[in-house]
Structures are given as C-alpha cells and as structure tokens.
Amino acid sequence: MSTGKEPSETMDADELLAAMLDEGFNRPDLGSEYYFAQNAQSRSRHIIAAIYWDLNAMWQLQKISRDPQSLDEERAKYIAERRAIEEFLDQSMYHKYPEIFQTDGHYPLFDRVRFFLFEHGWPLFAMCALSEAFRTACLISEIMVWDEVRKLISTNKRSIEVYVRSRNLDWQSPLLNYGHLGLPGLTSPIQPEMDLGKEHVHHLVQTSDGHLKRPVHMGKAQTNINITIFKPAQSAQKTRTTRMTRTSQKIQTTLTPQTTQETRKTQIAQMAMAQKARDPQRHPYTYLPKWGPCMKCLCKRNCPCHNVGGLPDCLKCQCPQTCRCKTPKWLMCYRCGSTDSCTCRAGSMAGDLIELVEYPIKGTGVRALANFLAGTIMGEYVGEVIPLSRKCNDNIYALCQTGVYGMEQMDQVDMKHNGITSSAHVGNWTRYINHHCEPNCTFVSVLVGNRITTVVQAVRDIAIFEEITLHYGEQYWKSTHCFCGSSKCCNPPT
Ligand SMILES: C[S@@+](CC[C@H](N)C(=O)[O-])C[C@H]1O[C@@H](n2cnc3c(N)ncnc32)[C@H](O)[C@@H]1O
C-alpha cells in the first residue's frame, strides 16, 4: 500500500519505514527497526543451524568417548563438554530453585530459562543445553535474536527431540544430578516416551501429524545401507549360459586342427580375456583402466605419468621422450585427485544433518538441518546393483549408472549404461529426495576409488529447513503429474 509520502525528518519510525519501502528501498538504513528484525531473523537461523551442528558433534564425541580404543584427549574433550553443560544447568537450576544451593555464588537472574521451561519443559531444555550455541544464545544474545531463536525452537521442537533421541544422546544424566534434590517435575519426563535409539536415524520419518513412521515400500521395510551392494550369484547363471557359451562356441569352431600353435595360443588368451570381462563376480561399476594417449603433450602415445587429466604441475611426465611405454591410464579419483587406483569412498557428512519428513502428496522427503553451500557433495546414491543382464522391476527408485560425466575426461569413458542402482528396499537417505523442476541438487556420476558411482551434489546454496530436491528427468513425469509447485513445472496438475 502506498503512503504517497516522501521520507522526511519529522516522520516517526513506522512512517519513515513505510515511506522508504514505497521509494523502493529493499533494505532500509542501518538502525531502523525493520533492519534489526531482519537481522535478528537471519542470525537466529544461523544459531539454530549451529544447534543442530553441535548436537551432531556431541553425538560423534559421545560415540568416540565410549569406544574403548578412544584417545585420552578425545575422552577429555567429551568430559569438558559435559562440564560446560552441567555448569549451564546449575545456573538455570539456581534461578528456578535458589533454595537448594547452599552457596553465596552469584548466578544471573534468568528470565529466558523460566519462559523456556514454561513453554517446553525440562526435557527439551536439557536436550538443547547439549549445544554450545544454545547455551551462548541463551546467556548473551540480544533480546530480538533470542525471541527468534525461541520461535524457531518452538516450530522445530519435534525435530530436535527426534534428532537427540534417535542418536541416543545422553541428555538425561545431567538432569539426574538434581534428581536427589526432589525437584518437582524433573523425574517423570526423564523416562523416554518412545524408544528411538534402536533404529537407524534414517529409518524414522516424521509425519505431518507429529508421529513417526518406519519407511515401507511394497509392504517391506526399507533398510539403510552405507555402500552399494552387488550380489553376483543372482545374476551369474544368466550371464554364463547366454553370453559365455556363445563366445566359447564361436572360438571352438575357429579352432581347426590346421591352426598353428601360435594362433592357438593367441585365441586361448583372447578367450581368457573374454571370460574375465564377463566374469559375474566383477562389479559392473568397476572402472577398467584403458590404454590411450598422454593428455599433457597430446603425443598420442602412452605416457608413464598416467596424467590423463593433463595436470599442469605433474612432475612425473617426461613426454615426449618416454611416451613409448605401455601403462594403463586411470581417470582421476573425484575425492583425492589421484590418477592411481586408490581406496577412496564417497563418504559425506551431510547425511548427519538432514531429516526425513513426510510432505503432502509427494510422500517422504528430505529436509536440510544445516546451511549447505553450492558444490557440497550431499551423499552417494547407493542401492542394489542390478546388472544389465537382469530385469529391473523398480520404476520408482531405480537409477541408471552411466559413465563419468561432469569431468574433463568425459570423452574417454563409454557413456553406455553399466547397470542400474535400485534403492527400493536397500539404500540410504538419498533415495527419499523428491523431484523439483528447479532443484537445489543434481546427480553427478564420478569415479571414486576404482568404482564409477553417482553422488548427489548441491547446485546452489541450501538454507536450513529447506527441502532437498533433485530433477528426475522429464521422462519420469510423462504419465504422472509433478507436484513440485514450480512455475517451470514439466507436468503440473491441471
Ligand atoms: C525416489 S521416490 C522419492 C521418495 C518418495 N517420496 C517416498 O516416499 O519414498 C520418487 C517418488 O516420490 C514421489 N514424488 C517425488 N517428487 C514428487 C513430485 N514433485 N510430485 C509428486 N510426487 C513426487 C513420487 O511418488 C515418485 O514416484
């Protein structure tokens, strides 16, 4: 609504703000109420992201400290963190129950604690107190920022509770320190209302009505795995009886008594190679190094430095003098950059900072619990590998595994499909990423270790609590409507 006035010195703050907005100021001058409110909101979002980050860090520390092989420093770090939590709870208790403290020590009066406890009770307070960001915000943040943090905690109360409980974080024992003092209302909520700690964290989906469910597909519970699995026994028979017999028949017919011993040897070697290539034990995504020209000097001969990416700082390359050697070349590993066969795995921390939630119509989806930067590798798309020789009945979660793209060496790898990764029954959290016609992530096929694998990578910055999305390809939506809600939707509901 236009006020029709120009900003002037006689206006009060509200009028000035309205006039400035009329004039097309998106961001009013520093010092205005509007600016502070905006600033408080953005700062509170950073604080809530830091709270989840800390809870995750506490989970990792707790796991390490309970490991009998952990180092003394690691255990000391965990103990120091626990002390900081207890100290914070002491301050909060003192405010609530000053009579129990036989001390002259001064603790700050803490209205924030009182309101928080009134709104959410001790369990959520103790859970949040595990985070240093929460403790600091509670103690020293500005009032407007704290109000925003409180609002965000209120709307994500369930999410925080599920995060802490499903990771078996020990929030109870610091509270039990005060149990013997007979504090009212402390002992009962300590009992867990639900036993989430036994399930993998990605076996829990938060429903819109505040419940939790275990993901199920075609009547079968979906299980979380860390790496892609391949069962050669299931695909072995078919490969052997069809392709293998045909190859050996062909070679046998050419083996006539007149063939010289030399040719015979070559043919046997060829047969062995053919057998190896069709070995059902071989993982279909294994990258087989190839012979080829040196990419640095483009001398079209094989180079000993394996410098297929043409790295300018390669010291090994002595081309063109030594380019006559015959060394198989490797693509560069996406993780470590090595051109030798390495043992890398496409691990990612992002899976610890997401949660599974149910979205209307689309079903289970993935919500970010951190601010992720563009380019972050969110996770590897894992599942059961179905070789091309086997029929795949999954048309919901199946992903074709192609050669490596998104890399300079694209032209050196066949772009044909190597197999299908189906995560219908076994897979990780990435299988729940819903489609969006303007997604924030994309599939990238890369070489990691000696396997070609598909990872999910952020294409733009993703803000905390945003849904993580991918583009499945327009083909996927030929016969069904897409409910992404984008103005560029490929097949919106009519
Ligand atoms: C790979 S799964 C994603 C996880 C799935 N939501 C679930 O509950 O397991 C793909 C399926 O999710 C649903 N889905 C994902 N994105 C959607 C969208 N934009 N509109 C409608 N349905 C969607 C469709 O049922 C689709 O077949």
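Every number for a ligand or one of its atoms is a count from 1 in the order of the listing. If you read the sequence from its start, that first residue is 1, and numbering goes on from there.
By the 30° and 60° cut-offs, the orientation of the rings of Tyr163 relative to Tyr52 is perpendicular.
Of all the heavy atoms in Trp429 and Leu356, the pair that sits closest is CB-CD2, 4.3 Å.
Applying the side chain to side chain contact (heavy atoms under 4.5 Å, CB included) rule to Ser65 yields the partners Arg75, Tyr78; only residues at least two apart in sequence or on another chain are considered. The side chain to side chain contact (heavy atoms under 4.5 Å, CB included) check on Val426 picks up Thr223, Ile225, Ile229, Glu384, with sequence neighbours excluded. Evaluation of the side chain to side chain contact (heavy atoms under 4.5 Å, CB included) rule for Asn428 yields Asn224, Val382, Thr430 as partners, not counting sequence neighbours.
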Tabulate distances under 3.5 Å between N/O atoms of ligand 1 and N/O atoms of the protein, writing both atom names on each line.
{"unit_1": "ligand 1", "atom_1": "6 (N)", "unit_2": "Lys362", "atom_2": "O", "d": "2.7"}
{"unit_1": "ligand 1", "atom_1": "6 (N)", "unit_2": "Thr364", "atom_2": "O", "d": "2.8"}
{"unit_1": "ligand 1", "atom_1": "6 (N)", "unit_2": "Asn434", "atom_2": "OD1", "d": "2.9"}
{"unit_1": "ligand 1", "atom_1": "8 (O)", "unit_2": "Thr364", "atom_2": "N", "d": "3.0"}
{"unit_1": "ligand 1", "atom_1": "9 (O)", "unit_2": "Tyr397", "atom_2": "OH", "d": "2.5"}
{"unit_1": "ligand 1", "atom_1": "16 (N)", "unit_2": "His435", "atom_2": "N", "d": "2.9"}
{"unit_1": "ligand 1", "atom_1": "19 (N)", "unit_2": "His435", "atom_2": "O", "d": "3.0"}
{"unit_1": "ligand 1", "atom_1": "20 (N)", "unit_2": "Phe483", "atom_2": "N", "d": "2.8"}
{"unit_1": "ligand 1", "atom_1": "27 (O)", "unit_2": "Tyr476", "atom_2": "OH", "d": "2.9"}

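Between Arg167 and Glu355, none of the side-chain N atoms (NZ, or NE/NH1/NH2) sits under 4.0 Å from a carboxylate O, so this pair counts as no salt bridge.
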